[in-house]
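Below, read A as the first sequence line, B as the second, and so on, with proteins coming before strands; counting in each chain starts at 1.
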Number of protein chains: 2
Amino acid sequence: MSELKLHILGCYSATPRAFTNPTAQVLEIKGHLFLIDCGEGTQVQLRKQKIKFSRIKHIFISHLHGDHFFGLPGLLSTFRLLGRDAPMHVYGPKGIKEAVVTMLRVGHAWTNYPLIFHELTAMESEIIFEDEKVEVHTIPLTHRVYTNGFLFKEKEGDRKLDINAVLNYNIDKCYYQNIKKGKDVVLENGEIIPNNLLTNDPLPPKSYAFCSDTSYNETIIPIIENANALYHESTFLEPHEKLAKQTGHSTALQAASIASKAKVKNLILGHYSTRYNNIQVFKEEAEQLFKHVELAEDGKAFTF
Amino acid sequence: MSELKLHILGCYSATPRAFTNPTAQVLEIKGHLFLIDCGEGTQVQLRKQKIKFSRIKHIFISHLHGDHFFGLPGLLSTFRLLGRDAPMHVYGPKGIKEAVVTMLRVGHAWTNYPLIFHELTAMESEIIFEDEKVEVHTIPLTHRVYTNGFLFKEKEGDRKLDINAVLNYNIDKCYYQNIKKGKDVVLENGEIIPNNLLTNDPLPPKSYAFCSDTSYNETIIPIIENANALYHESTFLEPHEKLAKQTGHSTALQAASIASKAKVKNLILGHYSTRYNNIQVFKEEAEQLFKHVELAEDGKAFTF
């Protein structure tokens with residue numbers, strides 16, 4: 001059965017500190033390792049989590065605040081030092097190419113592998129990556145600067161072959177591929193066996209929505225609806241709701257409200273302001289509105 | 001008595017790893033806290049060593065390789081988030097301003113404190129900072145790119161008043177300041193008391209030479225001569241002497257040879273290649289030529 005695995009490399013806001021890291025995550029989905037955001041120190045966190053650098057081929061950057069992308073020049077140089085030759089795709093707001101390329105050029109660290117930037121400017125959700133198994137959609141967020149969250153979505157898989165049924169009808173193996181794609185079978189005697197007698201529904205495709213940083217914004221609900229997991233920032237708690245609004249952030253309760261309205265299966269909180277000593281309180285606040293709340297923590301992994 | 005204190009924040013070459021950091025040091029000298037090089041993660045190391053961010057007013061960058069300056073944009077943004085308003089001076093090779101300013105601009109992190117770049121291009125040693133107590137000289141190094149080491153040097157202090165002598169001659173206190181500056185005293189009867197009867201030599205001024213990265217280069221010897229401590233890179237050991245030369249680096253033995261010829265008091269080794277598991281071997285190799293060898297280690301401090 002297909003599983004999504006999310007590695008939290010860093011989930012605190014503003015600045016790296018002695019024992020907390022700015023935003024970065026790795027999502028394992030259908031054989032891909034997608035790096036999401038890349039605050040300073042992300043490469044160290046990748047090493048600590050023993051994530052193989054060479055398996056990362058796509059990096060998604062939500063917005064151009066330092067705590068979400070200042071780790072990029074260092075990581076891209078390290079790829080070069082490790083002898084990478086596979087292409088690397090970087091998706092992020094317009095400007096990311098100029099910043100990263102300038103650092104690499106001035107730092108004599110221009111890559112010897114193809115480094116391809118996909119600069120984002122759209123204000124509506126769009127598909128920015130797609131292959132036969134996965135789609136990545138942007139989730140336009142409301143922050144102080146142009147920001148996108150990302151929806152990572154498995155595609156509908158093949159139908160499941162009902163092996164007893166196909167053996168019963170004595171159907172040749174060479175038809176199996178077509179049956180899985182939903183086709184009916186015509187037997188030699190001309191009889192048509194409808195596909196629904198030969199197959200079962202595939203597993204429902206899974207999805208993961210990453211939303212950091214954003215103020216409370218209900219327009220994202222239709223995009224993230226029914227996601228298996230939603231990472232929604234909760235920089236603040238309710239007593240700082242006004243500050244959240246001013247700075248383009250959310251409270252834990254607001255994150256829970258979005259999770260509830262979007263009927264997601266799990267809510268993962270993160271991007272905590274470093275003003276709070278105890279993150280447990282974020283969970284308690286969110287649980288007032290939504291049942292399945294998890295706390296992101298640096299080094300933690302979630303499977304769903 | 002005046003002491004120099006050197007905090008090693010990172011002393012490994014190439015890339016940050018799970019438990020080692022790229023080059024960064026803080027030198028305490030005559031009330032200054034000078035930050036020397038700033039690899040990725042330096043701000044985290046500063047926090048771990050409990051070094052007060054606000055006391056840093058001058059940053060010296062040896063060269064524009066990522067492991068020596070990729071921590072700069074993050075550190076400078078953090079200064080801003082901490083509400084800094086004191087000016088910050090950054091000394092480093094031409095190009096550093098473009099790279100850092102581009103990252104800060106694209107990252108919406110332009111500073112609200114004065115950020116002053118002093119871009120270096122000279123091929124000869126020059127004084128790049130000076131006040132009444134300290135001078136900083138560049139040490140032109142030989143690396144793959146334009147690189148300077150830095151010599152941090154106390155200025156000659158005032159002469160020490162011989163309090164018994166001045167009391168003996170019944171000299172008024174108002175002359176003390178001039179006597180400390182080396183002036184003779186004319187008594188009321190016209191008699192001249194030469195300064196050397198009233199004072200003793202001041203403590204010899206101390207100095208610290210930072211030399212990373214460089215291949216073996218004897219032209220630096222006159223600049224660093226007699227330094228109290230020399231940090232000299234030893235990326236490699238003698239079996240890799242050829243590789244050292246090719247990559248613009250030194251071996252531990254070569255570092256010891258420079259230390260010995262420059263008659264410095266202490267040699268501190270660092271910038272170890274991450275290919276070696278045991279840094280003790282660097283000390284053993286260097287001790288073949290020089291007695292006072294210390295190993296830099298992340299988090300270690302030296303007083304001299």
Looking only at heavy atoms, which two atoms of A:A99 and B:T102 are closest? And how far apart?
CA-CG2, 3.9 Å
Could you have a look at B:H65, B:Q45, B:Q43, B:H68 and say which one has the most heavy-atom pairs with chain A under 4.5 angstrom?
B:Q43
A:R144 portion near chain B, given a 4.5 angstrom heavy-atom threshold
neither
Using a 4.5 angstrom heavy-atom cutoff, name the option from B:G66, B:G74, B:P93 with the most pairs to chain A.
B:G74
Which heavy atom of A:K48 sits nearest to which heavy atom of B:A18, and what is that distance?
CE-O, 3.2 Å
Return the minimal non-hydrogen interatomic distance between B:M103 and A:P73, and the atom names on each side.
CE-CG, 3.7 Å
Partner of A:T15 under side-chain contact (heavy atoms from CB on, under 4.5 Å), picked from B:L75, B:L81, B:L82, is B:L81
Kindly determine whether B:R17 and A:V44 satisfy side-chain contact (heavy atoms from CB on, under 4.5 Å), including the steps that lead there.
CA-CA 5 Å; B:R17 294 184 309 166; A:V44 170; over 6 Å; no
Between A:E40 and B:G41, the two heavy atoms sitting closest are OE2-N, 2.7 Å
For B:S77 and A:F70, work out which heavy atoms get closest and say how close.
OG-CE1, 3.1 Å
So, A:H108 side chain and B:L64 main chain: donor-acceptor pair closer than 3.5 Å or not?
yes
Counting neighbours of NZ on B:K300 that are heavy atoms of other residues, nucleotides or ligands and sit closer than 6.0 Å, is the number greater than 12?
yes
